[in-house]
Amino acid sequence: MKNDLPIGFFDSGVGGLSVFSKFRKLMPAENVMYYADLKNLPYGNKSQEELIGFARNIMDFFVSQNVKAVVIACNTSSALAYDSIKNDYDVKIYPIIQSCAKVISQQKLLKVGVFATKGTVKSKAYSREIQKYNPMIEVCEIACPNWVSIVEGKLSDNEDIKFHAEEMLEFNPDKIILGCTHYPFLLNELSEYISKDIFIDPADIFVDFIKKDLVENGLINGIKERGSETFFVSAEPEEFYANSKMFYNPKSKPILI
Ligand code: DGL
């Protein structure tokens, strides 16, 4: 295994940039690729079968690019596709939910709220993964089907954000996980109803987990310069470029594949 091989990140759209940008800051020497599956966005309302198909296509693409690891920077795909594909590839795969649940479950919490897509909530992946490590934690998962469209700039609906925020406050959570990589981009809007410090952005825990695991497995790129970055989309390259600038500022335009 050559340590300078790239790491592939994927999500349905710009949401995974919340993970990608933190990883870039933490491990700037790594060569990285980001794939936004805009052709199939939103993932949140797709069937498990469809999500497994999308994940396989993207994994096959990244394998053809000779990556050393793949980061599933998408909660919905981690919840519904990861288990079915995890043994089929010869590269490290990091799914966001499964990678973060242990750390979250070790915090002193009794009630944890989760905002996520319909698919993630239906799968109960957050409840299952957190309670696997700490069965005493009560988990309340709330689906917010419109929020991805709000972040992708296709919808503007503050009433919807208020509605789900109030719904969550009835549960009286100690912490709330932003269980979709798009949602951290709504933190300002959410903070009108819920204090910012209650939210957990799993991306912070996730990038630390990936770094630790790369180190443990001797997979770190030892070169000191800043690594390369390449963006790919399955549709709408101009839209991705315009939207992504709000969150990351990519150096190059995405390649349509
Ligand atoms: N951002 C993804 C997630 O973390 C998927 C959102 C979507 O496409 O519905 O779940």
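Positions are given from 1, in the same order as the sequence printed here. One-based numbering, in listed order, for ligands and for the atoms of each. Computed over heavy atoms, backbone and side chain alike; hydrogens, waters and symmetry mates excluded. Computed from a predicted model, the values in this text were never measured in an experiment.
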- Note on the structure: From the list Trp147, Tyr193, Phe163, ring-ring contact (aromatic ring centres under 6.0 Å, His included) with Phe115 holds only for Trp147
- Message: Rounded at 0.5 Å granularity, tell me how far CG in Leu186 sits from CG in Asn158.
- Response: 9.0 Å
- Item | Any donor-acceptor pair under 3.5 Å from Arg128 side chain to Ser123 backbone | yes
- Does ligand 1 have any atom that is closer than 4.0 Å to a heavy atom of Pro42? yes
- In the protein, what heavy atom is nearest to atom 2 (C) of ligand 1, and what distance, to one decimal place, separates them? Asp11 OD1, 3.1 Å
- Give the residue and atom name of whichever protein heavy atom lies nearest to atom 7 (C) of ligand 1, and the separation in Å to one decimal. Tyr43 N, 3.2 Å
- Message: Checking the side chain of Glu189 only, and the main-chain atoms of Ile161 only, is there a donor and an acceptor separated by less than 3.5 Å?
- Response: no
- Report the nearest protein non-hydrogen atom to atom 6 (C) of ligand 1: residue, atom name, distance rounded to 0.1 Å. Val148 CG2, 3.4 Å
- Note on the structure: Counting heavy atoms under 4.0 Å, the part of Asn45 that contacts ligand 1 is neither
- Message: List ligand 1 atoms under 4.0 Å from Gly44, heavy atoms only on the residue side.
- Response: 7 (C), 8 (O), 9 (O)
- Centres of the Phe9 and Phe231 rings: under 6.0 Å? no
- ligand 1-proximal atoms of Ser12, by part, heavy-atom distance under 4.0 Å: side chain
- Message: Please classify the Thr76 to ligand 1 contact at 4.0 Å (heavy-atom distances, strictly less than): side chain, backbone, both or neither.
- Response: both
- Message: Test of understanding: given a 4.0 Å heavy-atom threshold, classify the contact between Thr117 and ligand 1 as side chain, backbone, both, or neither.
- Response: side chain
- Message: Ring centres under 6.0 Å, that's the criterion: do Tyr34 and Phe232 meet it?
- Response: no
- Look at ligand 1 and say whether Gly13 reaches it with a heavy atom at a distance under 4.0 Å. no
- Do the two ring centres, one from Tyr35 and one from Phe61, sit under 6.0 Å apart? yes
